[in-house]
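Input: a single structure, listed below in structure tokens.
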There are 2 protein chains.
Amino acid sequence: MEEGLRERKKRETRQRIADIAMGLFLQRGFDNVTVAEVARAADVSVNTVFNYFQTKEDLFLDRSDEVESLPRRVIEERRPGESAVQAVRRDFFDALDTGDWRYGIHEGSDLFARRVRESQSLSARLTVLDYNREEQFARALADAVDADPDDLTPWLVAAQMNSVLRTLTRRFTIRRMAGEDMDRVVEGIRLDATLAFDQLEYGVGDYARRQADTGTPVVTDRVQT
Amino acid sequence: MEEGLRERKKRETRQRIADIAMGLFLQRGFDNVTVAEVARAADVSVNTVFNYFQTKEDLFLDRSDEVESLPRRVIEERRPGESAVQAVRRDFFDALDTGDWRYGIHEGSDLFARRVRESQSLSARLTVLDYNREEQFARALADAVDADPDDLTPWLVAAQMNSVLRTLTRRFTIRRMAGEDMDRVVEGIRLDATLAFDQLEYGVGDYARRQADTGTPVVTDRVQT
DNA sequence: ATCAATTTTGGAGTCACTTAAAAATTGCGT
DNA sequence: ACGCAATTTTTAAGTGACTCCAAAATTGAT
């Protein structure tokens with residue numbers, strides 16, 4: 001059953017609202033734009049906006065479902081002989097090479113990130129989004145190993161993998177927002193990612209062990225570069 | 001300079017508001033209680049409530065600073081010869097033994113958890129709180145090893161340690177809310193925690209490696225129990 | 001062209017939260 | 001005990017996100 005005219009118009013309206021909203025948000029900041037303004041700019045009523053989007057934040061995160069579907073895709077499409085971590089590592093480096101936005105690492109993501117940072121509510125929403133991704137990882141992993149529904153391990157592995165991704169992305173945006181050159185930052189993230197995924201595979205070991213005698217911490221070469 | 005009468009009354013008022021609010025929230029659910037009701041029950045004006053608490057959620061999370069100060073305490077007080085992970089592990093098991101609430105694992109935390117779950121805004125706030133804890137871990141670790149301010153490793157280790165704690169706590173509340181007996185759940189969490197902290201130290205390895213021939217995933221004994 | 005289903009709109013209301021200024025309370029010096 | 005200055009509380013008015021409901025407009029099929 002193909003898409004009727006009614007459905008097409010609905011989709012178009014939704015998209016138009018989201019696009020116009022994003023334009024305003026990026027230009028003036030999330031908190032400085034009211035839903036009423038978005039509605040006016042999109043030439044619809046406020047109620048129509050809320051008809052398509054549950055909250056104002058959803059206007060900003062219209063494409064977040066692509067982020068949430070990432071874990072399942074990566075885990076399911078891992079190659080023969082490839083472990084979960086290896087698959088994620090490969091996909092991450094692939095995004096780095098192609099400049100894909102799926103891990104929040106691409107040209108122009110810094111304005112986006114700045115706008116998020118400015119707004120408490122938006123930051124909170126993004127944080128929740130990250131938790132959802134973790135949950136998706138967990139479910140995908142549980143399926144992949146045919147685990148019991150109440151098996152702890154997939155959840156642990158998911159949380160740890162997601163931590164690595166989140167940390168790398170955050171690091172990218174921080175350096176980018178500090179004004180560093182794109183190529184330089186990407187190069188830096190490449191090194192960071194190698195360290196991070198290694199640590200994910202081999203563990204944090206005895207990081208920050210306090211020496212018995214002196215009280216000075218010993219930095220082991222296990223995790224530290 | 002000791003506390004004047006004025007400051008004492010302020011503190012008392014604040015505490016009274018928080019206590020009354022928490023009573024109402026636990027009894028009737030966070031979203032079913034308005035700030036106006038809290039104010040009326042505490043016999044103050046709405047603006048007085050907002051004078052002491054920035055948001056409605058803060059009324060529920062009055063003691064959250066104790067959670068946020070936990071990382072620094074645990075890391076700084078780690079014993080001679082003890083690594084970061086070992087210190088956290090010990091502190092976690094200690095809380096388990098003494099029934100302390102600092103990791104959200106104690107009798108009666110299930111009503112609390114249920115009330116959080118019911119409310120989207122409250123869940124979101126808790127999620128942000130967890131991120132703050134992660135950041136505290138990172139800063140404490142960075143201090144502990146005298147790391148560069150832009151060293152990646154403390155952040156990675158912090159994220160992973162925090163992941164473990166969050167996962168264990170979530171698992172506890174899920175089982176508790178499912179009606180399982182307290183002692184039984186605590187016993188289960190003890191086993192879970194052992195697995196989780198081991199994995200944190202030694203890594204997730206090649207979890208969920210897909211076998212070359214069959215396409216069937218192999219569960220390695222490295223991480224899996 | 002007509003009718004039923006769907007989409008959009010208008011209007012009234014709730015609630016969290018802000019701002020500014022008046023009013024009440026309190027601590028302190030005399 | 002009294003009055004003054006600082007602090008706290010309240011009052012009042014408003015903003016903005018979001019909900020609910022019913023009226024109006026649009027659309028697809030006949």
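Computed from a predicted model, the values in this text were never measured in an experiment. Worth knowing before you read on, the calculation uses all heavy atoms, side chains too, and leaves out hydrogens, waters and symmetry mates. Below, read A as the first sequence line, B as the second, and so on, with proteins coming before strands; counting in each chain starts at 1.
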R139(B) to W155(B), cation-pi by 6.0 Å centre distance and 45° axis angle: no

Within residues 33-48 of chain A, residues whose heavy atoms come under 4.0 Å of DNA chain C: V44(A), S45(A), N47(A), T48(A)

Terminal contacting nucleotides, 5' and 3', DNA chain D versus chain B (heavy atom, 4.0 Å): dA6(D) to dA12(D)

Interatomic distance, K56(B) NZ vs dA16(C) P [rounded to whole Å]: 5 Å

N or O in side chain of K10(A) less than 4.0 angstrom from dT7(C) OP1/OP2: yes

Partners passing side chain to side chain contact (heavy atoms under 4.5 Å, CB included) against I20(B) (at least two apart in sequence or in another chain): R16(B), L24(B), A41(B), A42(B)

Salt bridge (Lys or Arg N to Asp or Glu O under 4.0 Å) contacts touching residues 102-112 of chain B (sequence neighbours left out): D91(B)-R102(B), D94(B)-R102(B), D100(B)-R102(B)

Listed partners of L96(B) passing side chain to side chain contact (heavy atoms under 4.5 Å, CB included), at least two apart: F92(B), F93(B), I105(B), V186(B), I189(B), R190(B)

Sequence-distant partners of Y52(A), side chain to side chain contact (heavy atoms under 4.5 Å, CB included), two or more places apart: K10(A), T13(A), R14(A), I17(A), T48(A)

Separation of atom CZ in F30(B) from atom C1' in dC15(C), rounded to whole Å: 12 Å

Interatomic distance where CG belongs to N32(B) and P belongs to dT14(C) [whole Å]: 16 Å

Atom-pair distance (CG on N51(B); C1' on dT18(C)), nearest Å: 12 Å

Side chain to side chain donor-acceptor pair (under 3.5 Å) partners of R115(B), counting only residues at least two apart: E118(B)

Test side chain to side chain donor-acceptor pair (under 3.5 Å) applied to R114(A) - qualifying residues, sequence neighbours left out: none

Spacing of K9(B) atom NZ relative to dT25(C) atom P, expressed in whole Å: 9 Å

Interatomic distance where CD belongs to Q120(A) and C1' belongs to dC17(C) [whole Å]: 12 Å

Qualifying salt bridge (Lys or Arg N to Asp or Glu O under 4.0 Å) pairs with a residue from residues 32-49 of chain A, counting only residues at least two apart or across chains: R28(A)-E37(A)

Interatomic distance, E7(A) CD vs dA5(C) C1' [rounded to whole Å]: 13 Å

Sugar-phosphate only, base, or nothing, as touched by F53(A) at under 4.0 Å among non-hydrogen atoms: nothing

Stem regions touching DNA chain C, defined by at least 3 consecutive Watson-Crick or wobble G-U pairs below 3.5 angstrom: C:1-30 with D:1-30

Residue pairs, two or more places apart or on separate chains, that pass ring pair (Phe, Tyr, Trp, His ring centres under 6.0 Å) and touch residues 105-126 of chain B: F60(B)-F112(B)

D181(B) side chain to D183(B) backbone, donor-acceptor under 3.5 Å: yes

Spacing between D31(B) atom CG and dT14(C) atom C1', to the nearest angstrom: 13 Å

Set of side chain to side chain contact (heavy atoms under 4.5 Å, CB included) partners for S119(B), sequence neighbours left out: F30(B), D31(B), S121(B), L122(B)

